[in-house]
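What follows is a set of notes on a single structure, which appears directly below.
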Amino acid sequence: MNNTLEEYKKAIKIKYELEKEGEHFDYLYNPSRGKLRDLCWLIFENNPTQDDLNVFKNLLCLDFDHSKKNKFKEQKDKFRPIETFFKGETDPSNIDAINLAAVIVDFQPRPFKKFNEKCRIGAAKKNENAANVIAEVENNGIEKVVLVNNEHEESKEVPKRGNLLFNFGALFSKKIVQKIYPRKIITVAIGAVALVSSACFYFVQKKD
């Protein structure tokens with residue numbers, strides 16, 4: 001929270017540097033307690049929000065009331081922390097003074113509660129986006145590993161199938177050779193010789 005409060009004060013100070021050259025130059029360029037008090041009244045005369053009215057009451061310990069301007073003028077010293085803050089002389093710790101400084105320079109989001117909430121939401125979104133990126137990277141990495149492993153498995157399976165077919169063919173050929181040789185080849189050879197002898201004998205008899 002301390003870091004967020006420091007960011008809040010820095011942002012208000014940056015807004016002050018812009019605003020002091022603008023519409024309220026006479027009040028902000030060389031701010032004093034009296035000038036800031038008068039500017040504050042001018043701002044609150046123009047339809048302030050409920051949040052701003054709460055800030056006004058918290059710091060000045062009175063409700064904003066158009067009919068009580070004289071009483072408001074007695075609150076000049078309450079603007080001293082804002083004066084020294086704008087001049088860079090002090091670093092205020094009073095959150096109500098910081099919030100009223102935000103009102104005076106029209107810094108948004110205000111008060112600090114809303115600024116802090118917006119920062120938390122922004123941080124949560126960043127963390128969520130970062131988590132999504134990490135998850136996507138991890139998923140892509142897993143998919144690549146699975147794909148590579150699958151490719152390796154497929155490359156291994158193909159040779160295995162080829163080897164099986166080759167081995168089966170070789171084994172089958174070997175079995176055939178073992179079955180055919182020597183018995184069947186001898187049998188076929190004997191049969192062929194007998195057939196040729198019979199044919200020759202037949203032709204010799206026919207010739208005679």
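Only this structure's heavy atoms are used, side chains among them; waters, hydrogens and symmetry mates stay out.
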Where at least one partner belongs to residues 103-113, residue pairs that pass side chain to side chain donor-acceptor pair (under 3.5 Å), sequence neighbours excluded: Asp52-Arg110, Asp106-Arg110

Gap separating the CG atom of Leu5 from the CD1 atom of Ile98, nearest 0.5 angstrom: 5.0 Å

Stepwise side chain to side chain contact (heavy atoms under 4.5 Å, CB included) check, Asn99 with Tyr8: CA-CA 9 Å; Asn99 282 331; Tyr8 183 56; 2.8 Å; yes

Gap between atom CD of Gln75 and atom CG of Leu59 - 0.5 Å precision: 8.5 Å

Side chain proximity check, Val105 to Ile12, heavy atoms < 4.5 angstrom: yes

Transitive ILVMFWY side-chain link Ile104 to Phe25, under 4.5 Å: no

Carboxylate-amine/guanidinium contact Lys15 Glu19, below 4.0 Å: yes

Distance (rounded to the nearest 0.5 Å) between Cys40 SG and Leu100 CG: 4.5 Å

Qualifying residue, where the test is ring pair (Phe, Tyr, Trp, His ring centres under 6.0 Å) with Phe56 and the options are Phe79, Trp41, Phe72: Phe72

Residue pair Asp65 / Ser67, side-chain donor-acceptor N/O under 3.5 Å: yes

Spacing of CZ belonging to Arg33 relative to OG1 belonging to Thr84, to within rounding of 0.5 Å: 9.0 Å

Transitive ILVMFWY side-chain link Val55 to Leu53, under 4.5 Å: yes

Phe115 side chain near Cys119 side chain, heavy-atom distance below 4.5 Å: yes

Shortest non-hydrogen contact from Lys118 toward Pro109: CD-CG, 3.8 Å

Validation row: Lys87, Asn30 side chains within 4.5 angstrom (heavy atoms): yes

Joint hydrophobic cluster, Leu42 plus Phe64, side-chain heavy atoms closer than 4.5 Å: yes

Spacing of Asn94 atom CG and Lys78 atom NZ [to the nearest 0.5 Å]: 9.5 Å

Crowding at CD, Glu21 (>12 non-hydrogen neighbours, <6.0 Å): yes

Check ion pair Arg80-Glu83 (N to O, under 4.0 angstrom): no

Side-chain heavy-atom pair Lys9, Phe85 within 4.5 angstrom cut-off: yes

Asn54 side-chain N/O to Gln50 backbone N/O, donor-acceptor pair under 3.5 Å: yes

hydrophobic_cluster_shared for Ile82 and Leu62, side chain cutoff 4.5 Å: yes

Aromatic plane relationship, Tyr16 with Phe86 - under 30° parallel, 30 to 60° tilted, over 60° perpendicular: parallel

Atom pair CG/CZ of Leu18 and Phe107 - distance to nearest 0.5 Å: 11.0 Å

